Amino acid sequence: MNSRFLILLGVLLLVAAATVLVISTYSAPVPEVRQPPPPPRLLWQLRNQVGNLMEARNFPEAQIVLARLLRLDPESSANRRLMTRLLYENHHHAEAVSLCRELLAQNPGDAVIRNNLGMLLVANRSFEAGIKELEKALEYSGDNSPFVSNNLAYSYLLLGDERKAAEAYRAGRVQAQKLALAPHELVTIRVPATQSEEEGESHE
């Protein structure tokens, strides 16, 4: 009788200890805390600051401010597009190419990103691949076509094809007076009239 009682008592003690152990190690799920959206005025101020820094050609500082902006508003496609140009200007080409391809997978018709990818590839001396992207960008570029055409002329010059460079230069010049400035997101190169262009004009 006493031995049965001791065994039963031991079992009860073991169950109690196990229960205490389970309770002590249990952690209730932490409810997800939603962060409030950033104030629109703050986003506007940061975006404006990025634009001012880019106007001053202070691209490293502009990238720092834009990185903060993206932490606050990570889903902004406009800010991510802008980052592709800043990565280009700051010579972070591999990261920029990766971001361009990610954005194009989401929106293949984005002329700005195709232009920027093309210029990145050209900067890495992948001329044919870069020109192919720039030609695709022209299909969607709309008002930005003069700038994309100018980039295409520059790329053909680097490739050594002055005839195609002159053709691209002329095509861009037709609409060049419609816009005063390219958008901040667009990588652009200023190209003077090529030798072929000047020769063509002298025969007109």
Side-chain angles (χ1 to χ4, degrees), residues 27-124 126 129-130 133-134 136-152 154-155 172 175-191:
S27 58
V30 178
E32 182 181 353
V33 178
R34 291 180 176 268
Q35 295 294 332
R41 182 173 177 79
L42 175 60
L43 299 180
W44 178 85
Q45 288 173 336
L46 290 172
R47 174 95 179 175
N48 195 49
Q49 187 179 354
V50 171
N52 290 337
L53 288 166
M54 292 181 72
E55 289 289 340
R57 302 193 67 78
N58 187 350
F59 299 121
E61 188 65 27
Q63 184 175 331
I64 292 171
V65 177
L66 182 59
R68 181 189 173 196
L69 184 57
L70 279 168
R71 285 194 295 272
L72 293 171
D73 189 16
E75 301 303 319
S76 170
S77 58
N79 292 337
R80 298 177 78 198
R81 292 164 88 206
L82 188 55
M83 182 59 84
T84 66
R85 183 191 166 189
L86 285 175
L87 290 170
Y88 169 90
E89 299 289 358
N90 291 323
H91 308 290
H92 301 155
H93 291 176
E95 188 178 350
V97 167
S98 177
L99 181 55
C100 283
R101 294 197 189 283
E102 178 186 338
L103 293 174
L104 285 174
Q106 299 168 9
N107 183 9
D110 191 321
V112 170
I113 297 302
R114 281 214 179 272
N115 169 85
N116 293 358
L117 176 58
M119 294 303 288
L120 283 159
L121 294 171
V122 168
N124 288 331
S126 297
E133 293 297 339
L134 289 169
K136 286 181 183 177
L138 270 177
E139 298 175 15
Y140 307 104
S141 58
D143 287 341
N144 292 324
S145 61
F147 307 109
V148 179
S149 293
N150 216 36
N151 289 342
L152 192 56
Y154 167 80
S155 302
Q175 298 183 10
Q177 295 179 347
K178 292 184 179 180
L179 292 177
L181 294 172
H184 281 310
E185 297 91 341
L186 194 75
V187 173
T188 57
I189 297 291
R190 293 190 59 151
V191 183

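Heavy-atom basis, side chains included; hydrogens, waters and symmetry copies ignored. Nothing here was measured: the structure is a model prediction, and the numbers come from that model.
Among residues two or more places apart in sequence or in another chain, the side chain to side chain donor-acceptor pair (under 3.5 Å) test is passed with Glu139 by none. Partners of His93 by ring pair (Phe, Tyr, Trp, His ring centres under 6.0 Å), not counting sequence neighbours, listed by chain and number: Tyr88, His91. Taking Asn90 as the reference, Gln63 meet the side chain to side chain donor-acceptor pair (under 3.5 Å) condition, with sequence neighbours excluded. Under the salt bridge (charged side-chain N to carboxylate O under 4.0 Å, His left out) criterion, Glu102 pairs with Arg80, sequence neighbours left out. Every residue two or more places apart in sequence or in another chain that forms a side chain to side chain donor-acceptor pair (under 3.5 Å) with Asp110 is listed here: Arg81. Contacts of Asn48 classified as side chain to side chain donor-acceptor pair (under 3.5 Å), with partners at least two apart in sequence or in another chain: none.
Within the 4.5 Å cutoff, no side-chain heavy atoms of Met54 are placed close to those of Glu89. Using a 4.5 Å cut-off on side-chain heavy atoms (C-beta onward), Leu66 and Leu86 make contact. Considering only heavy atoms from C-beta on, Leu42 comes within 4.5 Å of Arg68 through its side chain. No side-chain heavy atom of Ser141 sits less than 4.5 Å from a side-chain heavy atom of Asn115.
A pairwise comparison of heavy atoms in Val122 and Gly130 identifies CG2-CA, 3.9 Å as the closest pair. Considering every non-hydrogen atom in both Thr84 and Ala96, the closest pair reads O-CB, 4.1 Å. Nearest heavy atoms, Leu134 versus Gly118: CG-CA, 4.2 Å. Taking both residues in full, the closest heavy atoms of Ser155 and Met119 are given as OG-SD, 4.2 Å, listed atom of the first, atom of the second, then distance.
Atom NE2 in His92 sits 10.0 Å away from atom CE in Met83 (nearest 0.5 Å). Distance CD/Glu61 to CG/Leu53: 6.0 Å, rounded to 0.5 Å.
No donor-acceptor pair closer than 3.5 Å links the side chain of Ser98 to the backbone N or O of Ala94. A donor-acceptor contact shorter than 3.5 Å links the side chain of Ser149 to the backbone of Ser145. At distances below 3.5 Å, at least one donor-acceptor pair connects side-chain atoms of Ser76 with backbone N or O atoms of Asn79. Although no hydrogens or angles enter the test, the distance criterion places no donor-acceptor pair under 3.5 Å between the side chain of Arg114 and the main chain of Gly109.
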Stepwise side chain to side chain contact (heavy atoms under 4.5 Å, CB included) check, Leu138 with Leu152 = CA-CA 9 Å; Leu138 270 177; Leu152 192 56; 3.7 Å; yes
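Heavy atoms of other residues, nucleotides or ligands lying less than 6.0 angstrom from CD of Gln106 number more than 12.
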